[in-house]
Amino acid sequence: MTTDGKVHRITDHGSYKPDVASLARRQLASARRALNLSADEFAKVLAPVIKWTPSAEVIESWESSATPPGDVLVAAGILTSGASSAGATNSRDDDLVGQLMTERYSDVAAVYPSRAEFANAMPPDSFLSGASDIAIAGLSLNLICQQYTDHQIRELVENGTRLRALFLEPESDAMRARELEEGYHDPGKLSLLTTMNMEILQQRVYDQLSNDARPRMQIATYSETIRFNLIIVDDELCIAQPYLPATRGVDAPTFVIKRQWATGGMFGVFQQMLDHLWDRRTS
């Protein structure tokens, strides 16, 4: 407003040319500061939203000299508005950023209504072949013991793969509770299957490994209420299969989760669960 009481728009002047590129750079820099992230951290947070991964150097150039793309500005706006609504302004909290991202762009890559449909779409060889680290915890571990051949497992371990297999203790109260949940009133149905699978891994795989390969394979049991069958491959892929009341495991859904962030997301939740079970193994 001028002294004559009138409002004058700067665009009324024909010579005015707004510096849109500079405004875009400031907008991006402001979004990064609002999330309290470094350029490298900001790039990692943006990646799942824009579906490609900029480098920290590119982020810095967008804030100083180059013009940031439109999709990047939109993504930055989404992230900062979400963080603001969550009360995250001026707070460097990786978990909160992870929660924001899982709310909008979950790291769950696929969901199958049953284990059978998952097995048809993603046979074990499609994600186990060539893996360097495999951790699996559940009940009978049929996916690796019945759907993957002894030869394939031995070959993996001999070629350098680390394999940890954690079975539900066949004679435990937790096993009996699960048998009752699935409607087996005579004990032993699931425990016999688990014992057989453990013997397969022990006698047909581990015992036939070379001395150099054996340290890379571990077979153990745990005795806790079973909630999920979990497989984590190379700290990148997680297969999570819940155990539901009055439903056989094979009829329960399967969630395929791919790590997208260092912390937060569904991947971190299930990785923590598997690590907890392994730390509490009984044998």
Side-chain angles (χ1 to χ4, degrees), residues 94-95 98-99 101-102 106-112 115 118-119 122-148 153 156-157 160-170 172-175 177-178 181 190-191 193-194 197-198 200-202 205-206 215-244 247 249-250 252-283:
D94 289 343
D95 287 338
Q99 291 167 15
M101 294 301 295
T102 49
S106 176
D107 51 353
V108 177
V111 179
Y112 298 91
R115 294 188 187 185
F118 161 72
M122 292 182 63
D125 192 57
S126 68
F127 56 89
L128 296 181
S129 179
S132 60
D133 189 278
I134 301 168
I136 178 168
L139 198 152
S140 301
L141 311 191
N142 284 331
L143 185 145
I144 196 165
C145 297
Q146 299 293 330
Q147 300 176 35
Y148 212 56
I153 303 173
L156 278 175
V157 180
T161 301
R162 180 192 182 204
L163 173 62
R164 291 178 293 155
L166 188 61
F167 292 86
L168 187 63
E169 170 58 51
S172 66
D173 291 339
M175 177 66 79
R178 182 57 200 172
E181 272 195 329
L190 297 179
S191 61
L193 174 60
T194 303
N197 284 351
M198 290 175 64
I200 287 174
L201 279 193
Q202 179 68 45
V205 179
Y206 182 85
R216 290 193 290 272
M217 182 173 177
Q218 294 174 274
I219 303 170
T221 61
Y222 70 106
S223 180
E224 297 193 28
T225 301
I226 189 163
R227 296 179 175 89
F228 283 90
N229 184 77
L230 298 173
I231 307 165
I232 293 183
V233 181
D234 289 343
D235 198 32
E236 296 177 353
L237 175 70
C238 173
I239 310 298
Q241 300 169 318
Y243 285 93
L244 306 177
T247 303
V250 70
T254 294
F255 302 91
V256 179
I257 303 159
K258 295 182 179 180
R259 179 188 285 280
Q260 302 216 37
W261 314 287
T263 60
M266 294 297 290
F267 189 99
V269 170
F270 288 116
Q271 184 177 53
Q272 184 179 27
M273 181 182 295
L274 194 150
D275 289 343
H276 168 81
L277 293 175
W278 186 259
D279 289 343
R280 292 170 62 84
R281 64 191 183 277
T282 55
S283 65

Nearest heavy-atom pair of [X] and [Y]: which atoms, and what distance?
| X | Y | value |
| --- | --- | --- |
| A174 | S223 | CB-C, 4.4 Å |
| P242 | F255 | CD-CE1, 4.0 Å |
| T194 | L168 | CG2-O, 3.5 Å |
| L156 | G130 | CD2-N, 3.9 Å |
| Y243 | R115 | CZ-NH2, 3.4 Å |
| F228 | A240 | CD2-CB, 4.2 Å |

Donor-acceptor pairs under 3.5 angstrom involving side-chain atoms of residues 266-274: please list them, not counting sequence neighbours.
| unit_1 | atom_1 | unit_2 | atom_2 | d |
| --- | --- | --- | --- | --- |
| Q271 | OE1 | R259 | NH2 | 2.8 |
| Q271 | NE2 | D235 | OD1 | 2.5 |

Inter-residue atom distance [X].[atom1] - [Y].[atom2], 0.5 Å rounding:
| X | Y | atom1 | atom2 | answer |
| --- | --- | --- | --- | --- |
| T254 | M122 | OG1 | CE | 10.0 Å |
| I136 | W278 | CD1 | CH2 | 11.5 Å |
| I226 | E181 | CD1 | CD | 9.5 Å |
| L143 | I239 | CG | CD1 | 8.0 Å |
| I144 | L201 | CD1 | CG | 6.5 Å |
| I200 | C145 | CD1 | SG | 6.0 Å |

Practice prompt. Could you check if a side-chain atom of C238 sits within less than 4.5 angstrom of a side-chain atom of D107, using non-hydrogen atoms only?
Written response: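 Side chain of C238 against side chain of D107, heavy atoms only: no contact under 4.5 Å found.
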
Determine yes or no for a side-chain-to-main-chain donor-acceptor pair under 3.5 angstrom, with [X] supplying the side chain and [Y] the backbone.
| X | Y | value |
| --- | --- | --- |
| Y148 | P123 | no |
| D234 | A131 | no |
| T221 | T282 | no |
| R178 | M175 | no |

Item to complete: Would you check if there is a donor-acceptor pair between the side chains of Q241 and N229 at a distance under 3.5 Å?
Response: yes

Practice prompt. Kindly determine whether V157 and Y206 satisfy side chain to side chain contact (heavy atoms under 4.5 Å, CB included), including the steps that lead there.
Written response: CA-CA 9 Å; V157 180; Y206 182 85; over 6 Å; no

Worksheet item: Yes or no on side chain to side chain contact (heavy atoms under 4.5 Å, CB included) for L139 and L193, after CA distance, side-chain angles and deciding distance?
Response: CA-CA 9 Å; L139 198 152; L193 174 60; over 6 Å; no

Fill in: R227: salt bridge (Lys or Arg N to Asp or Glu O under 4.0 Å) partners, not counting sequence neighbours
none

Worksheet item: Of all residues at least two apart in sequence or in a different chain, which pass the salt bridge (Lys or Arg N to Asp or Glu O under 4.0 Å) check with R216?
Response: none

Worksheet item: More than 12 heavy atoms of other residues, nucleotides or ligands under 6.0 Å from CG of D125: is that the case?
Response: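 Enclosed.
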
